[in-house]
Structure formats: structure tokens, C-alpha cells
**Student:** 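Quick one: the structure is below, questions incoming.
Starting from 1, each residue takes its place in the sequence as its number. This one's a predicted model, so the numbers in the text were calculated from it and none came from an experiment.
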Amino acid sequence: MSRDRIALYCAQAQALAWADGLRAALPGTQIDLWPEASPEARHAIVWTPTQAFMDAHPALELIFNMGAGVDALLRLRLPPKARIVRIEDGGMAVQMADYVCHAVLRHFREFDVYDRTAAAGQWAPRPDRARSDFPVGVMGLGVLGQRVVNALQQFDFPVRGWSRSPKAIEGVRCFSGTEQFDDFLAASRFLVCMVPLTPDTQGILCRASLSKLQPGGYLINVARGAHLVENDLLALLDSGHLAGAMLDVTRTEPLPEGHPFWSHPKVTITPHISAQTVVSESIAQMVSKIQAVQRGEVPAGLVDPARGY
């Protein structure tokens, strides 16, 4: 491993922590920070790289993505031998779980309403609501999705799960495939979007799908902004079919000044912070995958470009 070179592409604010961590984990390995090119590098660790970066590193074999979604990488022309490897957790799962649980509890317990009444100087208790009336549907049952499901179960909400292929999770009513998608939506009042962004899931959160949620539905999107047809969400909020939405991702990031989401009383925006990569945990995972390849093994987390994840 000492003969390896690793090409690193990320924001300047992150580069030092990543470079220092990699040098400590891989003594003797050369770490090259873009725009310094290392055409002989066999591994790259990246976040939203450019085509110029890929073109400058023709020998790449493994490309590690710093985050969970790889849609930005799949839009590029990769070196001929390159394979993309996902971080399967990297410290993100527990963050995603507490974000989603916060969003669910905030709406269910009406803490958003209490914020408004307190600001108006009103003492206005709300009537109790039954958890059984608020089933939570989680779209996407990978590593992060299953951690979210497990966390939600601790709060005694009925939990539904949907995935492309069949999954079995104790205590969760699971649905799979396009043929069961509408049934999954109809069984959910909260909808948590955690699926990868692929051609099949682009715009999947639209009027047709969101209108199938139970009345008073609530959307939580922690996946990608392109999953959501924004005008359709606004229309369903204004009609009253949906009670609200908490969005960590938007089609344009940062969300532009003057966008209707900023001022809509039923929309809560956070700046793509639901699950941020923990550098030390991610580096440890990447090192183990590099070592697996050196032993002739297939590393976990390889991306299938045809599926998009």
C-alpha cells in the first residue's frame, strides 16, 4: 500500500482534515489534492468532482464517494477501469435517524404549532393525537434507511418500508417494486424519502404519488432535491391534502432567495445537513476496502452503474 497514490477532490475547507486523516491511516501513501494531478493514482476520494479531474486520472481503479449519493459521479465519463464505491455509513446513519425522528416528532407533537403560539404570547394546549393514526413510510431500506426504521420503532409509530427489491424487517410492513408502491403510499401518513436518485426516481415525489398519502400527510425529504416536483408539493400543501414538509434537500442548492419554500408556513428547510460524513469513520471504511481489493476480494459497496446505486 505504500506505493499507492490517492487523488483527493473536495472543498478546500475539508481537504486538510481528509489529507491528514489519510496520511495517518496509510503511512507512506502519497495524497495529491486537486488541482494537483497524479495520473498514476489508482484510488480517488471525491465529492462532486469535475470531468477535468477524471480526465487527469486515467489509471483510477476505485473511486470513493464521500457521501451516500453517487448520482453526480454517474453523470461523468469515468476512467476505463474505474469502479465507484459507496460509503455505507461513515457516521451518517445515526445522524439521519435523529434528523428523521426529530422531523416526525416535531410534526406529530405539533411543536411547530407551539412555536407559533408561543411567539404570539398564547398559552394554547393542543389535543392528544394517536400514534396509530400516523404511520411512517420510509422509501429506501439500505443501511441508512434501516437505521431510520429501527429508530422510529422506538417511538411506537407504525412503520412501513418500501424498496426496489423485497426486504423483511421485524415489526415493519414492507412493500417492494413498482407494483406495491401505491399500496405503500396509501398505508403511510408520513413519507420519508431516502431512495437513491436514478432515472426511475427522478421526480418520484409528485402530485400523483403524494396525493396517495393519507389525508394530512407529511413529507420528509433527506435524499435528493430532484426527487421532488416542487410545484406539486406546494399545490398539495395549499389544498390541505398535505399538512407539511421538512426538506433537507432542494433542486437548487443553496435554495435561492425568494423561493416559495422560504416563506411557506407549512415548509421547514434545512441546508442539506441531515447526515454529514464523519471523516475518521469514512477513512477507516475506505482503507478496509482498499485492503480488501489488494487481497483480491470484492469490496462491499460497489455501485452498479445500471441501477444507479
Side-chain angles (χ1 to χ4, degrees), residues 1-50 53-74 76 78-98 142-148 194 196 272-305 307-309:
M1 192 175 298
S2 61
R3 294 189 300 274
D4 282 347
R5 296 184 70 149
I6 295 179
L8 181 63
Y9 187 107
C10 62
Q12 192 65 36
Q14 302 171 305
L16 183 60
W18 277 92
D20 287 348
L22 287 165
R23 292 185 184 110
L26 298 168
T29 299
Q30 177 68 37
I31 310 298
D32 296 315
L33 278 65
W34 181 259
E36 178 182 346
S38 47
E40 67 277 22
R42 294 190 296 119
H43 310 308
I45 297 173
V46 302
W47 181 246
T48 61
T50 61
F53 174 87
M54 293 299 171
D55 294 342
H57 298 91
L60 290 180
E61 297 174 10
L62 297 180
I63 301 174
F64 294 95
N65 197 50
M66 290 179 178
V70 298
D71 45 288
L73 281 175
L74 292 173
L76 300 177
L78 303 181
K81 294 190 288 184
R83 295 179 293 174
I84 301 171
V85 186
R86 286 182 290 105
I87 297 175
E88 294 162 286
D89 184 341
M92 292 181 285
V94 66
Q95 298 175 64
M96 192 70 81
D98 60 37
V143 173
L144 302 184
Q146 291 194 38
R147 181 64 178 267
V148 166
M194 302 189 67
H272 205 146
I273 49 76
S274 58
Q276 298 173 291
T277 302
V278 177
V279 174
S280 59
E281 294 187 26
S282 299
I283 287 175
Q285 191 176 133
M286 292 171 181
V287 169
S288 70
K289 292 174 190 284
I290 291 172
Q291 291 170 337
V293 170
Q294 290 176 331
R295 293 191 299 267
E297 302 168 5
V298 177
L302 279 180
V303 170
D304 180 353
R307 296 173 66 182
Y309 56 94

**Student:** State, with a plain yes or no, whether a side-chain heavy atom of P305 is found less than 4.5 Å away from one of L74.
**Tutor:**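 A side-chain contact exists here, since the closest heavy-atom pair is under 4.5 Å.
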
**Student:** Quick one: closest heavy-atom pair of R86 and Q285, and the distance?
**Tutor:** O-OE1, 3.9 Å

**Student:** Got V298 and V293 here, is their nearest side-chain heavy-atom distance under 4.5 Å?
**Tutor:**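 Result no, sub-4.5 Å side-chain heavy-atom pair not found.
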
**Student:** If I take atom NE2 from residue H43 and atom CG from residue L26, how far apart are they, to the nearest 0.5 angstrom?
**Tutor:**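 Answer rounded to 0.5 Å: 8.5 Å.
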
**Student:** How about P49 and M54: do any of their side-chain heavy atoms sit closer than 4.5 Å?
**Tutor:**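 A side-chain contact exists here, since the closest heavy-atom pair is under 4.5 Å.
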
**Student:** Considering all heavy atoms of both residues, which atom of T277 and which atom of S282 are nearest to each other, and what is their separation?
**Tutor:**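 Between these two residues, the closest heavy atoms are CG2-OG, 2.8 Å.
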
**Student:** If I take atom CZ from residue R5 and atom OG from residue S38, how far apart are they, to the nearest 0.5 angstrom?
**Tutor:**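 Reported value, rounded in 0.5 Å steps: 5.0 Å.
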
**Student:** I would like to know whether Q95 and V278 meet side chain to side chain contact (heavy atoms under 4.5 Å, CB included); could you show each step before the answer?
**Tutor:** CA-CA 10 Å; Q95 298 175 64; V278 177; 3.8 Å; yes

**Student:** Could you tell me whether the side chain of H57 reaches within less than 4.5 Å of the side chain of W34, counting heavy atoms only?
**Tutor:**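 In contact.
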
**Student:** Calculate, to the nearest 0.5 Å, the distance between atoms CD1 and OG belonging to I283 and S288 respectively.
**Tutor:**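 Output value for this atom pair is 12.0 Å.
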
**Student:** Tell me, do W18 and I45 make a side-chain contact under 4.5 Å, heavy atoms counted?
**Tutor:**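 Side-chain contact under 4.5 Å: yes.
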
**Student:** Side-chain donor-acceptor contacts of residues 58-72 below 3.5 Å, not counting sequence neighbours, with atom names and distances?
**Tutor:**
unit_1: E61; atom_1: OE1; unit_2: R42; atom_2: NH1; d: 3.4
unit_1: N65; atom_1: ND2; unit_2: G67; atom_2: O; d: 3.1
unit_1: N65; atom_1: ND2; unit_2: G69; atom_2: O; d: 2.6
unit_1: D71; atom_1: OD1; unit_2: R224; atom_2: NE; d: 3.1

**Student:** Mark yes when over 12 heavy atoms from residues, nucleotides or ligands other than E297 sit less than 6.0 Å from its CD; otherwise mark no.
**Tutor:** yes

**Student:** For A93, which residues count as a side-chain contact (heavy atoms from CB on, under 4.5 Å) partner, sequence neighbours excluded?
**Tutor:**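 side-chain contact (heavy atoms from CB on, under 4.5 Å) check on A93 returns D89, L144, R147.
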
**Student:** Kindly indicate whether the side chain of V46, heavy atoms from C-beta on, has any atom under 4.5 Å from the side chain of C10.
**Tutor:** no

**Student:** So does F53 get a backbone contact from the side chain of T50, meaning a donor-acceptor N/O pair under 3.5 Å?
**Tutor:** yes

**Student:** Rounded at 0.5 Å granularity, tell me how far CD1 in I31 sits from CG in L33.
**Tutor:** 8.5 Å

**Student:** Heavy atoms, side chains only, cut-off 4.5 Å: are V143 and Q146 in contact?
**Tutor:** no

**Student:** Would you mind reporting whether M92 and I87 have side-chain heavy atoms less than 4.5 Å apart?
**Tutor:**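 Side chain of I87 against side chain of M92, heavy atoms only: contact under 4.5 Å found.
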
**Student:** To check you understand the geometry: which heavy-atom pair defines the closest contact between V287 and A25, and what is its length?
**Tutor:** CG2-CB, 3.9 Å

**Student:** Working to the nearest 0.5 Å, report the span between OG1 of T29 and CD1 of I290.
**Tutor:** 7.5 Å

